[in-house]
Amino acid sequence: ADVKATMIIYLDPSVQFFNPVVKGAQDAAAQFGVDLDVQYANNDPVRQNDLIESATVSGVDGIAVAISSSDAFDSSICAAVKTGIIVIGFNNDDLEGGKGNCRQAYVGMDEFASGYELGNRMIEKFDLKQGDVVFNPREIPEASFAVARGGGIEKAMKEKGITVETVRSGLDPAEAQNIIAQFLIANPGVKALFGTGSVTSTVGAGAIKDAGVNIPFGGFDLAVEIVNAVESGAMFATMDQQPYLQGYYPIAQIALAKKYGLTPTDVDTGQGAFLDKSRISSVKPLIGSYR
Amino acid sequence: MMSSPHLLELHNISKSYGALTALRDLSFHVGHSEVVGLLGDNGAGKSTTVNLISGIQKPTTGHLSIDGEKTTFSCRSDSADAGIETIYQNTALVDSLSITRNIFMGRERVNAFGFLKQTEMREIAMEVLEKAVHISGIDSPDKLVGDLSGGQKQAVAIARAVFFKRRVLLLDEPTSALSVRETEALLAQVLKLKAENVSSVLVTHNLYHAYQVCDRFVIMSHGTKVFDVKKADTTISQLTEYVVLT
Amino acid sequence: MMSSPHLLELHNISKSYGALTALRDLSFHVGHSEVVGLLGDNGAGKSTTVNLISGIQKPTTGHLSIDGEKTTFSCRSDSADAGIETIYQNTALVDSLSITRNIFMGRERVNAFGFLKQTEMREIAMEVLEKAVHISGIDSPDKLVGDLSGGQKQAVAIARAVFFKRRVLLLDEPTSALSVRETEALLAQVLKLKAENVSSVLVTHNLYHAYQVCDRFVIMSHGTKVFDVKKADTTISQLTEYVVLT
Amino acid sequence: MTITMTDSAVPKSRTRKQSLLKQIMTMPAGAILLVFITLQIVCIVGALAYPDDFRYLSPQNLTILMKAIPVLGCLALGAGILMIAGEFDLSIGSVYTFTAILMATLIDAGVSAFIAAPLGILTGVLIGLLNGTITLRFGLPSFIVTLGGLLFWRGAVLLYNGAVQVRFDPEPIFTSLFAGTILGVNAAFIWIILFVVGFYLLLHRHKFGNHVFATGGNRAAATAIGINTDRVKLIAFAIAGGMAAVAGIIATARVGSVQPGQGAGLELQAIAACVIGGLSLSGGRGSIIGIFLGVMLIHTITDVLLLLRAPGFYLDMFIATLIVVAAAFNHLIERRGAA
Amino acid sequence: MTITMTDSAVPKSRTRKQSLLKQIMTMPAGAILLVFITLQIVCIVGALAYPDDFRYLSPQNLTILMKAIPVLGCLALGAGILMIAGEFDLSIGSVYTFTAILMATLIDAGVSAFIAAPLGILTGVLIGLLNGTITLRFGLPSFIVTLGGLLFWRGAVLLYNGAVQVRFDPEPIFTSLFAGTILGVNAAFIWIILFVVGFYLLLHRHKFGNHVFATGGNRAAATAIGINTDRVKLIAFAIAGGMAAVAGIIATARVGSVQPGQGAGLELQAIAACVIGGLSLSGGRGSIIGIFLGVMLIHTITDVLLLLRAPGFYLDMFIATLIVVAAAFNHLIERRGAA
Ligand SMILES: Nc1ncnc2c1ncn2[C@@H]1O[C@H](COP(=O)(O)OP(=O)(O)OP(=O)(O)O)[C@@H](O)[C@H]1O
Ligand SMILES: Nc1ncnc2c1ncn2[C@@H]1O[C@H](COP(=O)(O)OP(=O)(O)OP(=O)(O)O)[C@@H](O)[C@H]1O
Ligand SMILES: [Mg+2]
Ligand SMILES: [Mg+2]
């Protein structure tokens, strides 16, 4: 291969969301003849810096990196760009966009917006009113995806005078299901449940059943369990952001830039994110590959 | 060797710890119904010898034989199978367990499914503690060994070895923490066992005690044997001289 | 009390461990330049008494006095300040440290910034080991205590206490693991210290040793004092009788 | 003549009779039992006084508690035996996930759950044996070996199945056996009770348990007396691994799917439950009842905080504080017992 | 007459002279030093043979290594001293984040970095003292107290600042003092070298260090001889907390911002580095050089794998395996030294 590229993911390898991202990147690598390696920062900004600098040292032509902090990676990315490496951001961007960071382009969507959209759709569909309480458990409250999605939900609710309660559920499904169910027992007035990541979105329906209540439930991400829940009506809808594209475009752009000098450009992958019962069955066969 | 072989023999045993040679070319034997006194200065290698015979340390070179047959002990169970029972210098007790459990540690009385016969063990423990050494102050076999006084701990170690004795009893400074009365009781035990055809190796710094019960003396110095003599052929002052001067 | 007060006195001391009363209403004293033998059966409470005087255990009731002044020791440093030095029955050594570091543990020789004067301590350690007890086999003060034989360990504990002795030396079965020669050396030390005006309390089960060096005997049984007698007023057989029969 | 002959009529017995309470306090796990009972009484009184605000006694809540306890319970029992034997296992969280994924994918591929589940447990046992063998063969600290195991088996999950959550879809009878309701009681809870009884017998009434305590309490002494301490530790490692797999089965049967990232941090929770229950980190001390009470205490505290609507964002903070407070309380009781 | 008089001319010395290699092997940290040197030689030879594919010796790579080592190094030094004193601190990862956030927000509010940084360290010290006080006052296992601390301070981060990342923007001189380059060497690396030297003197040459080893090696004996073991442990707790804060400063100066979720799992990495470097988990054994070599070994292994572009999906798995292999190798060397 005449192009070498490194993809750096901020979270750890067990996060299901990145499966289609990596597949997209690999597909692009195969099509454009790129020698690709994928690294994971395990939620640690110091480690992500090490990874960016290591990639720079090992002499790759391009780096695709999740810019999960507006400040933490500015200098190492700039240093990489200075040595002639093409750097494309994906999944998360600097809050100031291209002004705050040397990356040449960003491929991804706005998670805050998808949380906001889900919130508003739930309000509309289930008639949530001023003074109601909804519940939004988060597996890792301080993780950037949780802050963005949860923040979107909170914004939507706040506009209608609805309160959002939240709790740390952890990544263990059995534990998360216990905690959600216990919360629902303690708070029988809760009017709706929102998942945040794939764990809370997977176990939410079970927790509602355990608590013996009957409330609507919406969440994020795609997994067989979640799709089944949407199909069966136990879940209202789930939000998707076409992660495949977030892997495909950065690598493709690196290859095109390196080979033909084409300038990288921003790509918004956030169209068609909302998946309810009416759309879910078309998505189902593609889970784990393209979705 | 035309007579019947000795019960236990050590052949040219050496043992090193890193740079230090703890034992060098050590050979001696223990006969049937014989009490051997193993004497020597501090650090002479007596405990190392006892540990080798017990199988919890391995010689660097040399070997043992039992009834004339060459053997090597690779762990304590091997020596137990050969009929050897030991009272270690450091007592080898588990502080966090009760007296009963310490006595039967590794050799529990169990039913067909491996469950403990607790009442039976409890009773035996109390009995053997009273019989082997007349220890005072232990009113319950359920006391934790960690809560016992120095002498009481040693008494538990003695009781265990005496109860399970079969052919050879190794006693590594068994009376160091015992009071007068308990010491007398123990020495009497050693003689009684000899009458029951159990041989003993007694390590002690008290030459009077050794002289009182031993049939033969092996004196060690700096890891080697310097003297090996029958009681009939020596006196306590000669022994003292050898122990002190070599 | 019109004469000068005793160096050390115990007043009506009791000590319980949970349900067990280890000491009950114990009183005795140690005079200036006096060697007191503290005798008694196993579990009588001798070590508990020594630990109380050393400040590492606290009495349930009763108190001590030093030079006639009532004091309570709440930790070992208090008793050290009062001039008390102890050889514990369990030696109180740290196996993972070298001999030198054990000897100077807590009382290191340091420069103005608290840094260790290692060469100085090393030299003193070797010297004091050779002088206090003529221990053999220790060729370097850098050896780890965990690698020593039973008697060698005890020698290190003795060397430490003898080196730091000031007014009272408590010896809890100090010779239990020592060989003949080292035992003699230690007993000679006790007498030498007495000449230098250091009093001692010697706990031992060897009545001959006790009789050899002590000026007075305190015999304990089941946590109380049963006998308190000057050497001039008793014989070794009377002592034996008291120790064995009470 | 200064001979003083004091009280020659020494009473033979030096032991006083102690009150029942003091006796309980000094029993192993006695103090933690008192803490637990106190907590329960407070909760029950509170629930009876304010049935609407504090739904501790509502059937749903009791059911959730019964469902919540078994997973951590199984992990803690296995980890606890190993800790009493003097070793750690930090890999149980990863093993829990790995065996669960293995089992779920086997069932997905058409294998019966009644074959897949034993295979999962067997895998757990084998991993435990591997941990034990490396630890003992090379004389390494089990901390480092099983920390390696933690990372290794987490990686193995990804290698085996990628970062994909797996649906768990066994025969219904299997699900009801592990997550159903038997005689009104949650099946998983019945399992954990059976395990507690079984481990109690094994550890406190069986020869093997005696060897475990001896090995953990003083390994050199146990070896010197003829116990094969390596074998004892190896079996304890195997039990820890096997119980991690059992925890995986119970959790998976409950939730119906396995997440590749689950199980992280469970090893510390399990060790914490053991330590709260009175186990010593250096081995040789502890009791099965203590472990189980430790697990129940952690879950009760979490449950009560949720029922009281403690601010969820900081829930862990409250749990942490209460656990430390409970441990301190436990210690104070114990000390009163010993005095 | 059976008197046998065997060789009365016993040689006075029973010790043989050992080869230099064997002497190094039996030194504390000697074995790990050999492992480390071997690894370095392999890497250097590889780098010289394939300078383009394996850029181990490129100045940039050496700079990365120098930047990567100090954070874990500071955490491990603090945790290591505490472990030698016989206690654990699992909360250092959370303290590292908490103090960093505290410092960053103070600077954000206009406080000088030269005041905010000492305040951060002071906070770390105070948290360490709190851990120590609870542990010692109630006689609790530090494992449980600091596990509580882990959760508590993680919660405190959220309570103090929410789940929001904070920009770190101190005076430039501050940044260059902790993340700049001094005489061609990375400033953070100079700091860690200074700390290693300082801790070496403190632990191996100072009175306090002797007390730490005594306390951890046999607490009862240390107490019986008059060492105030509670005070020693308390100071060690304070050092662990303070060094966690220092690690926070170095990391933050390097990265320029603080994430509320960072630091999770660092406590285990720090303990692992210590154990690899020869510390005993039960206290009383270890050396500063060993700790530092343990940290360097972990980072060298990670670095080499990254340079070889090992698949990141399984990177942790490789690291884990290599660490266990290194530990096993280490042990084999040590055993050869003792034989
Ligand atoms: N920590 C403890 N907990 C409970 N009981 C104890 C404890 N320490 C000692 N005892 C008990 O107190 C009594 C006195 O013990 P002590 O050690 O003082 O005896 P001693 O006279 O020194 O005996 P020895 O000659 O055997 O050393 C013994 O019955 C012992 O079982
Ligand atoms: N584990 C060990 N490592 C290194 N050296 C050791 C070890 N164990 C014993 N030694 C050394 O071996 C020599 C013999 O020790 P041993 O314990 O056999 O002596 P001993 O004759 O029993 O002495 P004592 O009468 O004091 O008990 C001593 O010099 C001791 O320092
Ligand atoms: Mg010996
Ligand atoms: Mg005593």
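To find a chain, count down the sequence lines: A is the first, B the second, and so on, and within it residues start at 1.
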What is the distance from atom CD of E:Gln165 to atom CG of A:Asp71, rounded to the nearest 0.5 Å?
6.0 Å

Find out whether A:Arg47 and E:Gln262 are in side-chain contact, i.e. whether some heavy atom of one side chain is under 4.5 Å from a heavy atom of the other.
no

Answer with side chain, backbone, both or neither: which region of A:Val22 has an atom nearer than 4.5 Å to a non-hydrogen atom of chain E?
neither

With a 3.5 Å distance limit and no angle check, can you tell me whether A:Arg168 reaches the backbone of E:Gly155 through a side-chain donor-acceptor pair?
no

4.5 Å side-chain heavy-atom contact, A:Ser69 and E:Gln259
yes

Answer yes or no: does atom OH of E:Tyr50 have more than 12 heavy-atom neighbours from other residues, nucleotides or ligands under 6.0 Å?
no

Between E:Lys67 and A:Asp50, is there a side-chain N and carboxylate O pair less than 4.0 Å apart?
no

Ignoring hydrogens and angles, tell me if any N or O in the side chain of A:Gln39 forms a donor-acceptor pair with the backbone of E:Ala310 under 3.5 Å.
yes

Rounded to the nearest 0.5 Å, what separates atom OH in A:Tyr40 from atom OH in E:Tyr314?
8.5 Å

Quick check for you: among E:Gly265, E:Gly261, E:Pro311, which has the greatest number of heavy-atom pairs under 4.5 Å with chain A?
E:Gly261

Above 12 or not: heavy atoms from other molecules or residues under 6.0 Å from CZ of A:Phe135?
yes

Among E:Leu266, E:Val255, E:Ile250, which residue meets the side-chain contact (heavy atoms from CB on, under 4.5 Å) test with A:Val46?
E:Val255

Is it the backbone or the side chain of A:Ser70 that comes under 4.5 Å from a heavy atom of chain E, or both, or neither?
both

Report yes if some heavy atom in the side chain of E:Asp303 is under 4.5 Å from a heavy atom in the side chain of A:Ser54; otherwise report no.
yes

Enter the distance from E:Leu306:CG to A:Glu53:CD here, rounded to the nearest 0.5 Å.
12.0 Å

So do E:Leu158 and A:Glu142 actually touch side chain to side chain, heavy atoms under 4.5 Å?
yes

Enclosure of E:Ile173 CD1 (heavy-atom neighbours >12, cutoff 6.0 Å)
no

Options A:Asp74, A:Asn49, A:Asn43, ranked by heavy-atom pairs under 4.5 Å with chain E, top entry:
A:Asn49

A:Ile52 versus chain E, the contacting section by heavy-atom distance below 4.5 Å
neither

Heavy-atom proximity to chain A below 4.5 Å, by part of E:Asp316
side chain

Do side-chain atoms of E:Arg55 reach the backbone of A:Val57 as a donor and acceptor pair under 3.5 angstrom?
yes

So, taking the atom named CG in A:Asp12 and the one named CZ in E:Phe313, what distance separates them when rounded to the nearest 0.5 Å?
9.5 Å

Euclidean distance, E:Gln60 CD relative to A:Thr83 OG1, rounded to 0.5 Å
8.5 Å

